[in-house]
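Here the structure is a predicted model, which means the values were calculated and not measured. Below, read A as the first sequence line, B as the second, and so on, with proteins coming before strands; counting in each chain starts at 1.
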2 protein chains.
Amino acid sequence: MKKLTARQKQVLDYVSLFISEHSYPPSIRDIQKHFGLKSTKGVKDHIDRLVEKGYLHRTDGAARALEIVGRSSSVRTVPVVGRVAAGLPLLAEENIQDYRPVSKSLARSEGMFYLKVQGDSMTGAAILEDDLVLVRPQPFVEQGEIAVVLIGDEATVKRFYIKNGRIELHPEIPTTIR
Amino acid sequence: MKKLTARQKQVLDYVSLFISEHSYPPSIRDIQKHFGLKSTKGVKDHIDRLVEKGYLHRTDGAARALEIVGRSSSVRTVPVVGRVAAGLPLLAEENIQDYRPVSKSLARSEGMFYLKVQGDSMTGAAILEDDLVLVRPQPFVEQGEIAVVLIGDEATVKRFYIKNGRIELHPEIPTTIR
DNA sequence: CTTTACCCTATACATATGTTTACATATTGC
DNA sequence: GCAATATGTAAACATATGTATAGGGTAAAG
(Lines give C-alpha, C1' and ligand atoms only; values in the text may rest on other atoms or scores of the structure.)
Protein backbone atom coordinates (compact mmCIF):
# COMPACT_ATOMS: atom_id res chain seq x y z
CA MET A 1 0.00 0.00 0.00
CA LYS A 2 1.28 3.41 -0.91
CA LYS A 3 2.78 5.52 1.81
CA LEU A 4 0.97 8.46 3.36
CA THR A 5 2.42 11.80 4.30
CA ALA A 6 2.13 12.85 7.92
CA ARG A 7 -0.67 15.25 7.09
CA GLN A 8 -2.57 12.68 5.08
CA LYS A 9 -2.37 10.23 7.96
CA GLN A 10 -3.70 12.92 10.30
CA VAL A 11 -6.66 13.45 8.01
CA LEU A 12 -7.32 9.73 7.69
CA ASP A 13 -7.14 9.32 11.46
CA TYR A 14 -9.58 12.16 11.95
CA VAL A 15 -12.04 10.65 9.49
CA SER A 16 -11.78 7.40 11.41
CA LEU A 17 -12.24 9.15 14.75
CA PHE A 18 -15.19 11.17 13.51
CA ILE A 19 -16.93 8.05 12.24
CA SER A 20 -16.45 6.19 15.49
CA GLU A 21 -17.81 9.18 17.41
CA HIS A 22 -20.75 10.05 15.16
CA SER A 23 -21.26 6.79 13.28
CA TYR A 24 -21.47 8.82 10.09
CA PRO A 25 -18.57 10.33 8.14
CA PRO A 26 -17.45 13.97 8.32
CA SER A 27 -18.07 16.52 5.60
CA ILE A 28 -15.11 18.30 4.05
CA ARG A 29 -15.92 21.37 6.08
CA ASP A 30 -16.02 19.34 9.29
CA ILE A 31 -12.46 18.29 8.59
CA GLN A 32 -11.50 21.82 7.59
CA LYS A 33 -12.72 23.20 10.91
CA HIS A 34 -10.93 20.54 12.91
CA PHE A 35 -7.57 21.41 11.37
CA GLY A 36 -8.26 25.15 11.44
CA LEU A 37 -7.88 25.54 7.70
CA LYS A 38 -9.25 28.53 5.89
CA SER A 39 -10.12 26.84 2.63
CA THR A 40 -11.86 23.63 1.66
CA LYS A 41 -9.43 23.01 -1.13
CA GLY A 42 -6.65 21.66 1.05
CA VAL A 43 -8.95 19.08 2.58
CA LYS A 44 -10.34 18.14 -0.80
CA ASP A 45 -6.81 17.46 -2.02
CA HIS A 46 -6.02 15.26 0.96
CA ILE A 47 -9.20 13.26 0.49
CA ASP A 48 -8.35 12.90 -3.21
CA ARG A 49 -4.93 11.51 -2.34
CA LEU A 50 -6.35 9.14 0.24
CA VAL A 51 -8.79 7.86 -2.36
CA GLU A 52 -6.06 7.51 -4.98
CA LYS A 53 -3.81 5.65 -2.58
CA GLY A 54 -6.60 3.28 -1.67
CA TYR A 55 -7.22 4.23 1.94
CA LEU A 56 -10.63 5.76 1.39
CA HIS A 57 -13.54 5.03 -0.87
CA ARG A 58 -15.81 7.84 -1.98
CA THR A 59 -19.07 8.21 -3.86
CA ASP A 60 -18.46 11.32 -5.94
CA GLY A 61 -20.81 14.18 -5.37
CA ALA A 62 -22.66 12.58 -2.49
CA ALA A 63 -22.48 14.20 0.91
CA ARG A 64 -20.41 12.52 3.61
CA ALA A 65 -20.05 9.47 1.39
CA LEU A 66 -16.68 8.33 2.71
CA GLU A 67 -15.75 4.80 3.64
CA ILE A 68 -12.52 3.63 5.18
CA VAL A 69 -11.30 0.77 3.05
CA GLY A 70 -10.89 -2.47 4.94
CA ARG A 71 -12.46 -1.54 8.23
CA SER A 72 -15.60 -0.45 6.45
CA SER A 73 -18.06 -3.29 6.67
CA SER A 74 -16.35 -6.11 8.51
CA VAL A 75 -19.51 -6.69 10.50
CA ARG A 76 -22.86 -8.19 9.69
CA THR A 77 -25.98 -7.95 11.83
CA VAL A 78 -27.82 -11.23 12.25
CA PRO A 79 -31.07 -12.05 14.03
CA VAL A 80 -31.11 -14.09 17.22
CA VAL A 81 -33.72 -16.87 17.15
CA GLY A 82 -34.90 -18.15 20.51
CA ARG A 83 -37.71 -20.60 21.17
CA VAL A 84 -39.45 -21.36 17.91
CA ALA A 85 -43.14 -20.50 17.65
CA ALA A 86 -45.54 -23.09 16.30
CA GLY A 87 -46.04 -23.25 12.56
CA LEU A 88 -43.99 -20.19 11.67
CA PRO A 89 -40.94 -19.99 9.47
CA LEU A 90 -37.75 -19.97 11.49
CA LEU A 91 -36.91 -16.35 10.74
CA ALA A 92 -40.43 -15.00 11.27
CA GLU A 93 -40.53 -11.86 13.36
CA GLU A 94 -42.13 -13.71 16.23
CA ASN A 95 -39.10 -15.94 16.57
CA ILE A 96 -36.54 -13.14 16.53
CA GLN A 97 -35.46 -12.10 20.00
CA ASP A 98 -32.72 -9.67 19.14
CA TYR A 99 -30.11 -8.64 16.61
CA ARG A 100 -26.39 -8.96 17.09
CA PRO A 101 -23.33 -7.95 15.13
CA VAL A 102 -20.99 -10.70 13.95
CA SER A 103 -17.68 -10.44 12.23
CA LYS A 104 -18.04 -11.17 8.54
CA SER A 105 -15.12 -13.53 8.86
CA LEU A 106 -17.58 -15.77 10.71
CA ALA A 107 -20.87 -14.87 9.05
CA ARG A 108 -19.57 -15.05 5.51
CA SER A 109 -22.82 -15.59 3.67
CA GLU A 110 -26.15 -13.87 3.97
CA GLY A 111 -29.12 -15.52 5.63
CA MET A 112 -27.16 -16.74 8.62
CA PHE A 113 -28.57 -16.35 12.11
CA TYR A 114 -27.93 -17.05 15.76
CA LEU A 115 -29.87 -19.81 17.49
CA LYS A 116 -30.08 -19.82 21.27
CA VAL A 117 -29.32 -23.29 22.55
CA GLN A 118 -31.82 -24.99 24.86
CA GLY A 119 -30.78 -27.89 27.03
CA ASP A 120 -27.40 -29.49 27.56
CA SER A 121 -27.51 -32.29 25.02
CA MET A 122 -24.45 -30.95 23.20
CA THR A 123 -22.27 -30.13 26.18
CA GLY A 124 -19.73 -32.66 24.95
CA ALA A 125 -19.12 -30.55 21.87
CA ALA A 126 -18.64 -27.45 24.04
CA ILE A 127 -22.10 -26.18 23.16
CA LEU A 128 -23.76 -25.12 26.40
CA GLU A 129 -27.27 -24.02 27.27
CA ASP A 130 -27.97 -20.41 26.25
CA ASP A 131 -24.97 -20.40 23.93
CA LEU A 132 -25.57 -18.65 20.64
CA VAL A 133 -24.94 -20.97 17.73
CA LEU A 134 -24.22 -19.31 14.41
CA VAL A 135 -26.31 -21.16 11.82
CA ARG A 136 -25.67 -21.23 8.09
CA PRO A 137 -28.68 -22.65 6.22
CA GLN A 138 -27.70 -25.00 3.42
CA PRO A 139 -29.52 -27.65 1.39
CA PHE A 140 -27.49 -30.67 2.54
CA VAL A 141 -25.95 -32.00 5.72
CA GLU A 142 -22.73 -33.96 5.76
CA GLN A 143 -22.57 -37.28 7.57
CA GLY A 144 -21.49 -36.68 11.16
CA GLU A 145 -21.71 -32.91 11.08
CA ILE A 146 -23.30 -30.88 13.81
CA ALA A 147 -26.53 -29.42 12.45
CA VAL A 148 -29.67 -27.60 13.45
CA VAL A 149 -32.70 -29.75 12.75
CA LEU A 150 -36.35 -28.75 12.94
CA ILE A 151 -38.38 -31.45 14.70
CA GLY A 152 -41.96 -30.27 14.64
CA ASP A 153 -41.69 -26.82 16.16
CA GLU A 154 -38.45 -27.43 17.95
CA ALA A 155 -35.10 -26.31 16.55
CA THR A 156 -32.50 -28.70 17.89
CA VAL A 157 -28.73 -28.89 17.66
CA LYS A 158 -27.49 -32.43 17.13
CA ARG A 159 -24.89 -34.48 15.38
CA PHE A 160 -26.36 -35.82 12.17
CA TYR A 161 -26.07 -39.35 10.75
CA ILE A 162 -27.87 -41.36 8.10
CA LYS A 163 -27.61 -45.14 8.52
CA ASN A 164 -29.52 -47.51 6.25
CA GLY A 165 -31.77 -44.68 5.11
CA ARG A 166 -32.68 -43.87 8.69
CA ILE A 167 -31.80 -40.49 10.17
CA GLU A 168 -30.08 -40.57 13.53
CA LEU A 169 -29.54 -37.52 15.70
CA HIS A 170 -26.90 -37.98 18.35
CA PRO A 171 -26.59 -35.88 21.46
CA GLU A 172 -23.15 -35.39 22.94
CA ILE A 173 -23.27 -35.59 26.73
CA PRO A 174 -20.04 -36.17 28.57
CA THR A 175 -19.87 -37.65 32.03
CA THR A 176 -17.41 -35.67 34.03
CA ILE A 177 -15.41 -37.38 36.75
CA ARG A 178 -13.44 -35.24 39.13
CA MET B 1 -40.18 1.73 23.68
CA LYS B 2 -42.98 3.17 21.62
CA LYS B 3 -44.46 1.02 18.94
CA LEU B 4 -43.71 1.53 15.27
CA THR B 5 -46.13 1.24 12.39
CA ALA B 6 -45.33 -1.28 9.70
CA ARG B 7 -44.17 1.47 7.37
CA GLN B 8 -41.96 3.08 9.98
CA LYS B 9 -40.32 -0.26 10.67
CA GLN B 10 -39.69 -0.69 6.96
CA VAL B 11 -37.99 2.70 6.84
CA LEU B 12 -35.92 1.95 9.92
CA ASP B 13 -34.88 -1.40 8.49
CA TYR B 14 -33.86 0.23 5.25
CA VAL B 15 -31.76 2.82 7.05
CA SER B 16 -30.09 -0.02 8.90
CA LEU B 17 -29.53 -2.00 5.72
CA PHE B 18 -28.18 1.01 3.86
CA ILE B 19 -25.69 1.73 6.62
CA SER B 20 -24.47 -1.85 6.72
CA GLU B 21 -24.02 -1.81 2.96
CA HIS B 22 -22.45 1.62 2.54
CA SER B 23 -21.13 2.30 6.03
CA TYR B 24 -22.67 5.75 5.84
CA PRO B 25 -26.34 6.65 6.28
CA PRO B 26 -28.81 7.27 3.44
CA SER B 27 -30.07 10.70 2.47
CA ILE B 28 -33.81 11.33 2.52
CA ARG B 29 -33.86 11.05 -1.25
CA ASP B 30 -32.04 7.72 -1.13
CA ILE B 31 -34.86 6.39 1.02
CA GLN B 32 -37.46 8.04 -1.19
CA LYS B 33 -36.11 6.29 -4.27
CA HIS B 34 -35.95 2.92 -2.56
CA PHE B 35 -39.65 3.04 -1.67
CA GLY B 36 -40.62 4.57 -5.00
CA LEU B 37 -42.16 7.64 -3.42
CA LYS B 38 -42.75 10.81 -5.39
CA SER B 39 -42.17 13.31 -2.61
CA THR B 40 -39.54 13.74 0.08
CA LYS B 41 -42.15 14.83 2.60
CA GLY B 42 -43.39 11.36 3.40
CA VAL B 43 -39.88 10.16 4.17
CA LYS B 44 -39.17 13.25 6.23
CA ASP B 45 -42.28 12.52 8.32
CA HIS B 46 -41.23 8.93 8.90
CA ILE B 47 -37.76 9.98 9.98
CA ASP B 48 -39.32 12.58 12.29
CA ARG B 49 -41.47 9.88 13.91
CA LEU B 50 -38.53 7.53 14.27
CA VAL B 51 -36.57 10.31 15.97
CA GLU B 52 -39.52 11.19 18.24
CA LYS B 53 -40.00 7.57 19.21
CA GLY B 54 -36.34 7.21 20.02
CA TYR B 55 -35.23 4.80 17.33
CA LEU B 56 -33.09 7.27 15.42
CA HIS B 57 -30.86 10.16 16.35
CA ARG B 58 -30.38 13.03 13.96
CA THR B 59 -28.19 16.13 13.71
CA ASP B 60 -30.56 18.71 12.30
CA GLY B 61 -29.60 20.23 9.00
CA ALA B 62 -26.58 18.05 8.45
CA ALA B 63 -26.55 15.69 5.51
CA ARG B 64 -26.91 11.97 6.15
CA ALA B 65 -26.51 12.62 9.86
CA LEU B 66 -28.60 9.68 11.04
CA GLU B 67 -27.65 7.25 13.78
CA ILE B 68 -29.57 4.19 14.85
CA VAL B 69 -30.00 4.45 18.60
CA GLY B 70 -28.57 1.51 20.48
CA ARG B 71 -27.17 -0.45 17.59
CA SER B 72 -25.34 2.60 16.28
CA SER B 73 -21.79 1.93 17.34
CA SER B 74 -22.49 -1.38 18.99
CA VAL B 75 -19.17 -2.79 17.92
CA ARG B 76 -15.69 -2.45 19.33
CA THR B 77 -12.48 -3.60 17.66
CA VAL B 78 -10.19 -5.54 19.96
CA PRO B 79 -6.74 -7.03 19.39
CA VAL B 80 -6.21 -10.78 19.27
CA VAL B 81 -3.27 -11.92 21.39
CA GLY B 82 -1.68 -15.23 20.44
CA ARG B 83 1.47 -16.74 21.86
CA VAL B 84 3.07 -14.26 24.18
CA ALA B 85 6.57 -13.04 23.32
CA ALA B 86 9.21 -13.02 26.02
CA GLY B 87 9.50 -9.97 28.22
CA LEU B 88 6.99 -7.84 26.36
CA PRO B 89 3.79 -6.33 27.70
CA LEU B 90 0.77 -8.42 26.77
CA LEU B 91 -0.62 -5.90 24.33
CA ALA B 92 2.70 -5.08 22.62
CA GLU B 93 2.47 -5.08 18.85
CA GLU B 94 4.55 -8.25 18.65
CA ASN B 95 1.90 -10.19 20.52
CA ILE B 96 -1.02 -8.95 18.47
CA GLN B 97 -1.99 -11.37 15.71
CA ASP B 98 -5.09 -9.68 14.43
CA TYR B 99 -7.97 -7.37 15.21
CA ARG B 100 -11.58 -8.45 15.48
CA PRO B 101 -14.88 -6.68 16.01
CA VAL B 102 -16.87 -7.61 19.11
CA SER B 103 -20.32 -6.53 20.17
CA LYS B 104 -20.10 -3.85 22.83
CA SER B 105 -22.63 -5.82 24.81
CA LEU B 106 -19.76 -8.23 25.41
CA ALA B 107 -16.75 -5.91 25.35
CA ARG B 108 -18.27 -3.29 27.62
CA SER B 109 -15.12 -1.61 28.84
CA GLU B 110 -12.05 -0.45 26.98
CA GLY B 111 -8.77 -2.31 27.15
CA MET B 112 -10.33 -5.72 26.62
CA PHE B 113 -8.74 -8.16 24.21
CA TYR B 114 -9.03 -11.64 22.76
CA LEU B 115 -6.61 -14.34 23.88
CA LYS B 116 -6.15 -17.44 21.74
CA VAL B 117 -6.34 -20.52 23.92
CA GLN B 118 -3.48 -23.03 23.82
CA GLY B 119 -3.97 -26.56 25.07
CA ASP B 120 -7.04 -28.34 26.33
CA SER B 121 -6.73 -27.78 30.05
CA MET B 122 -10.06 -25.96 30.22
CA THR B 123 -12.12 -28.26 28.04
CA GLY B 124 -14.39 -28.99 31.00
CA ALA B 125 -15.48 -25.35 31.04
CA ALA B 126 -16.22 -25.50 27.33
CA ILE B 127 -13.03 -23.60 26.51
CA LEU B 128 -11.31 -25.45 23.68
CA GLU B 129 -7.96 -25.08 22.00
CA ASP B 130 -7.82 -22.15 19.56
CA ASP B 131 -10.94 -20.63 21.12
CA LEU B 132 -10.80 -16.89 21.48
CA VAL B 133 -11.32 -15.86 25.09
CA LEU B 134 -12.46 -12.30 25.66
CA VAL B 135 -10.33 -10.92 28.50
CA ARG B 136 -11.21 -7.99 30.73
CA PRO B 137 -8.16 -6.82 32.71
CA GLN B 138 -9.00 -5.97 36.31
CA PRO B 139 -6.96 -5.52 39.50
CA PHE B 140 -8.49 -8.40 41.47
CA VAL B 141 -9.62 -11.96 40.84
CA GLU B 142 -12.54 -13.51 42.68
CA GLN B 143 -12.12 -16.85 44.39
CA GLY B 144 -13.04 -19.63 41.95
CA GLU B 145 -13.33 -17.44 38.89
CA ILE B 146 -11.86 -18.34 35.54
CA ALA B 147 -8.94 -16.00 34.89
CA VAL B 148 -6.01 -15.38 32.60
CA VAL B 149 -2.75 -15.58 34.51
CA LEU B 150 0.72 -14.70 33.31
CA ILE B 151 3.23 -17.35 34.37
CA GLY B 152 6.58 -16.19 33.14
CA ASP B 153 5.95 -15.55 29.47
CA GLU B 154 2.95 -17.81 29.22
CA ALA B 155 -0.62 -16.48 29.36
CA THR B 156 -2.76 -19.27 30.76
CA VAL B 157 -6.48 -19.67 31.33
CA LYS B 158 -7.26 -21.39 34.63
CA ARG B 159 -9.71 -21.43 37.50
CA PHE B 160 -8.25 -19.33 40.29
CA TYR B 161 -8.17 -20.14 44.01
CA ILE B 162 -6.30 -18.84 47.03
CA LYS B 163 -6.00 -21.29 49.90
CA ASN B 164 -3.96 -20.48 53.00
CA GLY B 165 -2.20 -17.67 51.16
CA ARG B 166 -1.16 -20.05 48.39
CA ILE B 167 -2.37 -19.54 44.87
CA GLU B 168 -3.86 -22.57 43.15
CA LEU B 169 -4.65 -22.76 39.47
CA HIS B 170 -7.03 -25.54 38.56
CA PRO B 171 -7.41 -26.97 35.10
CA GLU B 172 -10.78 -28.38 34.10
CA ILE B 173 -10.43 -31.60 32.14
CA PRO B 174 -13.44 -33.84 31.86
CA THR B 175 -13.27 -37.55 31.23
CA THR B 176 -15.82 -38.45 28.63
CA ILE B 177 -17.43 -41.87 28.71
CA ARG B 178 -19.51 -43.00 25.80
C1' DC C 1 -69.34 10.92 13.96
C1' DT C 2 -65.39 13.55 14.79
C1' DT C 3 -60.73 13.80 15.58
C1' DT C 4 -56.34 12.22 15.21
C1' DA C 5 -52.65 9.75 13.28
C1' DC C 6 -50.88 7.84 9.12
C1' DC C 7 -49.23 8.07 4.45
C1' DC C 8 -48.72 10.24 0.42
C1' DT C 9 -48.20 14.08 -3.86
C1' DA C 10 -46.56 18.55 -5.50
C1' DT C 11 -43.72 22.44 -5.24
C1' DA C 12 -40.51 25.43 -3.46
C1' DC C 13 -36.83 27.24 -0.55
C1' DA C 14 -32.51 27.48 2.25
C1' DT C 15 -28.42 25.65 3.28
C1' DA C 16 -24.98 22.02 3.49
C1' DT C 17 -21.59 20.22 0.85
C1' DG C 18 -18.70 18.59 -3.06
C1' DT C 19 -16.12 20.68 -6.81
C1' DT C 20 -13.47 23.98 -9.47
C1' DT C 21 -10.30 27.80 -10.95
C1' DA C 22 -6.53 30.78 -9.86
C1' DC C 23 -2.65 31.62 -7.22
C1' DA C 24 1.23 30.97 -3.70
C1' DT C 25 4.97 28.69 -0.96
C1' DA C 26 7.70 25.01 0.78
C1' DT C 27 9.59 20.42 0.29
C1' DT C 28 11.19 16.37 -2.08
C1' DG C 29 13.37 13.64 -5.71
C1' DC C 30 16.28 13.48 -9.58
C1' DG D 1 18.50 23.79 -10.48
C1' DC D 2 14.08 21.97 -11.96
C1' DA D 3 9.99 19.44 -12.06
C1' DA D 4 6.77 17.17 -9.33
C1' DT D 5 4.44 16.86 -5.01
C1' DA D 6 2.56 18.60 -0.86
C1' DT D 7 0.15 22.11 1.42
C1' DG D 8 -2.35 25.98 1.64
C1' DT D 9 -5.59 30.69 0.72
C1' DA D 10 -9.44 32.92 -1.74
C1' DA D 11 -13.55 33.07 -4.13
C1' DA D 12 -17.14 31.03 -6.67
C1' DC D 13 -20.16 27.61 -8.54
C1' DA D 14 -23.23 23.50 -8.90
C1' DT D 15 -25.67 20.24 -6.79
C1' DA D 16 -27.06 17.35 -2.91
C1' DT D 17 -29.91 17.49 0.72
C1' DG D 18 -32.75 18.92 4.76
C1' DT D 19 -36.90 21.53 5.53
C1' DA D 20 -41.32 23.83 4.86
C1' DT D 21 -46.05 24.95 2.95
C1' DA D 22 -50.38 23.32 0.97
C1' DG D 23 -53.35 19.71 0.26
C1' DG D 24 -55.71 14.94 -0.07
C1' DG D 25 -57.26 10.30 1.17
C1' DT D 26 -57.65 6.41 4.48
C1' DA D 27 -57.71 4.00 8.80
C1' DA D 28 -57.73 3.95 13.79
C1' DA D 29 -59.17 6.01 18.19
C1' DG D 30 -62.30 8.52 21.07
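- Nucleotide C:dT27 holds its C1' atom 15 Å from the CZ atom of A:Arg7, rounded to whole Å.
- For A:Lys116, there are no salt bridge (charged side-chain N to carboxylate O under 4.0 Å, His left out) partners two or more places apart in sequence or in a different chain.
- To the nearest 0.5 Å, atom CD of residue B:Glu67 and atom OG1 of residue B:Thr59 are 6.0 Å apart.
- Listed by chain and residue number, A:Asp30 satisfy the side chain to side chain donor-acceptor pair (under 3.5 Å) test with A:Ser27 (two or more places apart in sequence, or in another chain).
- Summarising the geometry, the separation between CD1 on B:Ile47 and P on C:dC6 is reported as 15 Å, rounded to the nearest angstrom.
- By the side chain to side chain donor-acceptor pair (under 3.5 Å) test, B:Arg108 pairs with no residue at all, sequence neighbours left out.
- By the 30° and 60° cut-offs, the orientation of the rings of B:Phe18 relative to B:His22 is parallel.
- Residues passing the side chain to side chain donor-acceptor pair (under 3.5 Å) test with A:Asp45, sequence neighbours excluded: A:Lys41.
- Listed by chain and number, the hydrophobic cluster partners of A:Leu128 come to none, as no ILVMFWY side chain reaches under 4.5 Å of it.
- In this structure, the helix from C:dC1-D:dG30 to C:dC30-D:dG1 shows an angle of 50° between the axis at its start and the axis at its end, each fitted on 5 base pairs and rounded to 10°.
- Here B:Tyr161 is tied to no hydrophobic group at all, with no ILVMFWY side chain closer than 4.5 Å.
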Quiz prompt | Sequence-aligned protein contact record of nucleotides 13-30 of chain D, with B where the base is within under 4.0 Å of a protein heavy atom and S where only the sugar-phosphate is | solution = ---SBBBBB---------
What's touching nucleotides 28-30 of chain C from the protein side, N or O pairs under 3.5 Å?
none

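- At whole-Å resolution of the value, NZ in A:Lys9 and C1' in D:dA6 are 18 Å apart.
- Put simply, B:His46 has a side-chain N or O that comes within less than 4.0 Å of OP1 or OP2 on C:dC7.
- Between A:Gly42 and A:Arg49, the residue whose closest nucleotide on DNA chain D is further toward the 5' end is A:Arg49.
- When the P atom of D:dT5 is taken as reference, atom CD of A:Gln8 falls 12 Å away, rounded to whole Å.
- For A:Lys38, the salt bridge (charged side-chain N to carboxylate O under 4.0 Å, His left out) criterion is met by no residue, not counting sequence neighbours.
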Enumerate, atom names and distances included, each donor-acceptor pair closer than 3.5 Å involving a side-chain atom of residues 137-150 of chain B, sequence neighbours excluded.
residue, atom, partner, partner atom, Å
B:Gln138, OE1, B:Arg136, NE, 3.4
B:Gln138, OE1, B:Arg136, NH2, 3.3
B:Gln138, NE2, B:Phe140, O, 2.6
B:Gln143, OE1, B:Ile162, N, 2.9
B:Gln143, NE2, B:Ile162, O, 3.3
B:Glu145, OE1, B:Glu142, N, 3.2

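- Rounded to an integer number of Å, the gap from A:Gln10 CD to D:dA6 C1' is 13 Å.
- Atom CD in A:Gln32 sits about 11 Å away from atom P in C:dG18, given to the nearest Å.
- Applying the side chain to side chain donor-acceptor pair (under 3.5 Å) rule to B:His34 yields no partners; only residues at least two apart in sequence or on another chain are considered.
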